[in-house]
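So the structure is just underneath, and the comments pick up after that.
Just so we're clear, the structure is a prediction, and the values are computed from it rather than from any experiment.
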Amino acid sequence: MATVSLKNIKKSFGPVDVIHGISVDIVDGEFIVIVGPSGCGKSTLLRMVAGLETVTAGDIFIADHRVNEKEPMERDIAMVFQNYALYPHMSVRENMGYGLKIAGLPKALIHSKVEDAAKLLQLTELLDRRPRQLSGGQRQRVAMGRAIVREPSVFLFDEPLSNLDAKLRVQMRLEIRELQQTLGVTSLYVTHDQVEAMTMADRMIVMNDGVAEQIGTPLEVYERPQTLFAAQFIGSPAMNVFDAHIKDKVVCVDVVKIGTARLPDGPVKLGIRPEHLVPDNEGSISIEMRMSEPLGANTLLHGRLQASDDQQVTASLNGVHNLEGVQAPMRFSVAADNIHLFDPVSLKRLVDD
C-alpha cells in the first residue's frame, strides 16, 4: 500500500498538449476514479502513472519515491486492462501466476499465492480452464487475480468493465469495490461511466480535454459542481442548463423568475437538476410537456420552458406519470439550495455569498 502524488503533470504528443497540469495527492488505501468522456486524457494519465507513457512535465511520486524515469516493473503497481490481456494458451492458474514465475519466485510460493487469490475471487474451480472457456466476468476476475498475487502497492484499472453487459457491470463494480476495501490497496480507476464513478469512488477526478475540472467526493461534485462541465457530466439525466440573467438580485430565464441570488446584475448560466424540479401548483416554473419516459421507479418528463425562448427542460419525478390528456402546462418550483449559477464566459461556479 502506498500514497500516490501527481505534481503538475503534463503530457504532449509533439505539438499537441493532451494533459494540462494535473495535481492530486492520493492517500494510502484511497479509491480514486478518473472519469470523463472519450478523448479527455484519462487513460493517458493512468498510463503515465503506470510508466507506459512518459511524462512531458511534472512529477509522479509513489510511496514518496519519484518514479518518472522508472520502468513499469519497478513501480510496484499492477494494472487491469479493458481487454483482460490474458494468454489464451495458458490455464487460469498459469495466467495468474505468470508474473510471479517471471520474477523467479519458488513454485510452492506461486502455488500458494494463486490458490489464495483464486479463493478470494471464487475462481478455485476454474483454475485449470483456458480463457476461452470463461465468461466475460470470469475473465475479468482472472485479470484481477493476476494483479492481486503480485501484492502491489497500487492497483490501476483502465475501463475494466466496458466490455461487459449492463447487469454484469453492476455486479462486477460491487465486487471490485469490496475487493479493494478488503485488500486496502490504493487504486486508480478509469471510466467514462459516471454511474461507476459515483458508486465506486472515494474521490473522483472529473476530466475534460486534458483538464481536471473538479476533484472531490461524488457527493461534493454532484451537490456543488465547480464548473458547468462537471455539473452536466455528473448526474443522470443531465442537469438542465438555461441562459439566464440576474436583475435586482432575481434570477430570471427571460421573464420567468426562478429564484434569488446575492450577485451583481448580468448574464449567467443557470443549472437545475431534473430531480430537483418539484411539482407545485403555485410554482413559478411553467413547463409545456411534450413527452414522457416511464422508467418504473421514476418518470422523465420532457418539455419546453414557457415564456422563454424555446429552452428545453427535463424533469424527473418519482413513480409513474402519464401525460396523456394533459393539456395545461405543469408548474414546478425549485429549492434555493438546488439552483446552480455559472459564469457565462469562464463556465466556473459563481459563489452566491
Side-chain angles (χ1 to χ4, degrees), residues 1-26 30-87 98-99 102 139-140 142-144 146-148 150 152-164 173 176 180 185-194 196-197 200-213 215 233:
M1 294 184 288
T3 59
V4 177
S5 294
L6 309 183
K7 306 293 187 184
N8 197 30
I9 296 299
K10 298 180 181 179
K11 177 63 178 179
S12 301
F13 292 104
V16 180
D17 298 330
V18 294
I19 301 292
H20 304 279
I22 293 178
S23 298
V24 61
D25 292 320
I26 302 167
E30 192 172 19
F31 195 105
I32 293 288
V33 175
I34 307 170
V35 62
S38 297
C40 71
K42 55 187 184 295
S43 289
T44 298
L45 182 63
L46 191 78
R47 289 171 64 83
M48 285 193 288
V49 176
L52 302 176
E53 294 283 358
T54 58
V55 177
T56 302
D59 295 304
I60 297 174
F61 293 87
I62 297 177
D64 296 326
H65 298 291
R66 185 177 179 276
V67 298
N68 288 39
E69 285 78 34
K70 288 189 175 183
E71 295 295 325
M73 66 181 64
E74 300 173 321
R75 298 191 182 201
D76 197 19
I77 56 96
M79 192 162 180
V80 178
F81 295 92
Q82 178 179 348
N83 62 357
Y84 319 131
L86 301 178
Y87 295 106
Y98 184 71
I102 294 300
R139 292 178 191 179
Q140 190 57 264
V142 175
M144 291 165 56
R146 183 176 55 193
I148 290 171
R150 295 178 54 193
S153 296
V154 179
F155 279 146
L156 305 178
F157 298 88
D158 190 6
E159 303 207 46
L161 307 184
S162 60
N163 291 334
L164 306 180
R173 76 182 186 223
I176 289 175
Q180 190 271 340
V185 179
T186 307
S187 300
L188 280 76
Y189 183 106
V190 162
T191 182
H192 64 273
D193 187 332
Q194 58 101 3
E196 282 183 29
M200 298 178 74
D202 291 323
R203 284 189 299 158
M204 62 172 70
I205 303 172
V206 182
M207 287 189 61
N208 177 38
D209 197 21
V211 174
E213 295 269 341
I215 301 173
F233 192 81

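Using a 4.5 Å heavy-atom cutoff, the side chains of L6 and L45 are in contact. A 4.5 Å side-chain heavy-atom check between V4 and V154 finds at least one atom pair inside the cut-off. No side-chain heavy atom of H192 sits under 4.5 Å from any side-chain heavy atom of P37. Using a 4.5 Å cut-off on side-chain heavy atoms (C-beta onward), I19 and M207 make contact. Side-chain contact between L86 and R146 is present, with heavy atoms from C-beta onward closer than 4.5 Å. Between N208 and V211, the closest side-chain pair of non-hydrogen atoms is not below 4.5 Å. The closest side-chain heavy-atom distance from F233 to V35 is below 4.5 Å. Taking 4.5 Å as the limit, every side-chain heavy atom of H20 sits out of range of all side-chain heavy atoms of K10.
With hydrogens and angles ignored, the 3.5 Å screen pairs no side-chain donor or acceptor of R75 with any backbone N or O of S153. The closest donor-acceptor contact from the side chain of N68 to the backbone of I60 lies under 3.5 Å. One N or O on the side chain of S23 and one on the backbone of N8 form a donor-acceptor pair closer than 3.5 Å. The backbone N or O of N83 lies less than 3.5 Å from no partner atom in the side chain of R139, so there is not a single donor-acceptor pair. Without hydrogens or angle criteria, K42 side chain to G36 main chain gives a donor-acceptor distance under 3.5 Å.
Nearest heavy-atom pair, I62 versus A2, reported as atom, atom and distance to 0.1 Å: CG2-CB, 4.3 Å. Nearest heavy atoms, A201 versus V33: CB-CG2, 3.5 Å. Taking each heavy atom of P72 and G51 in turn, the nearest pair found is CG-O, 3.6 Å.
Of the inter-residue distances, the one linking E69 atom CD with E74 atom CD reads 11.0 Å to the nearest 0.5 angstrom. Between I32 atom CD1 and M204 atom CE the span is 10.0 Å, to the nearest 0.5 Å. In this structure, CG in L52 is found 5.5 Å from CE in M79, a value given to the nearest 0.5 Å. A distance of 4.5 Å separates CG in D64 from OG1 in T3, rounded to the nearest 0.5 Å. Residue M200 holds its CE atom at 8.5 Å from OG1 of T191, rounded to the nearest 0.5 Å. In this structure, the separation between CG on D209 and SG on C40 is 8.5 Å, given to the nearest 0.5 Å.
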Just do the side-chain contact (heavy atoms from CB on, under 4.5 Å) check on V55 and K11 with the steps written out, would you? CA-CA 6 Å; V55 177; K11 177 63 178 179; over 6 Å; no
Hey, mind stepping through Y189 and E196 against side chain to side chain donor-acceptor pair (under 3.5 Å) and telling me if it holds? CA-CA 10 Å; Y189 183 106; E196 282 183 29; 2.7 Å; yes
Between N163 and Y84, does a side-chain contact (heavy atoms from CB on, under 4.5 Å) hold up when you go through it step by step? CA-CA 10 Å; N163 291 334; Y84 319 131; 3.8 Å; yes
Please assess R203 against V24 for the test side-chain contact (heavy atoms from CB on, under 4.5 Å), listing each intermediate value before the final yes or no. CA-CA 11 Å; R203 284 189 299 158; V24 61; 4.2 Å; yes
Could you go through the side chain to side chain donor-acceptor pair (under 3.5 Å) check for Q82 and S162 one step at a time? CA-CA 7 Å; Q82 178 179 348; S162 60; 2.9 Å; yes
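Each of R66, K7, K70 was compared with D59 under the salt bridge (charged side-chain N to carboxylate O under 4.0 Å, His left out) criterion, and only R66 meets it. With F155 as the partner, the side chain to side chain contact (heavy atoms under 4.5 Å, CB included) test is satisfied by one option alone out of V80, L188, V185, I176: V185.
Counted by atom type alone, S12 and D17 present one or more donor-acceptor pairs between their side chains at under 3.5 Å.
Under the 4.0 Å criterion applied to side-chain N and carboxylate O atoms, D158 and R47 are not assigned as salt-bridge partners.
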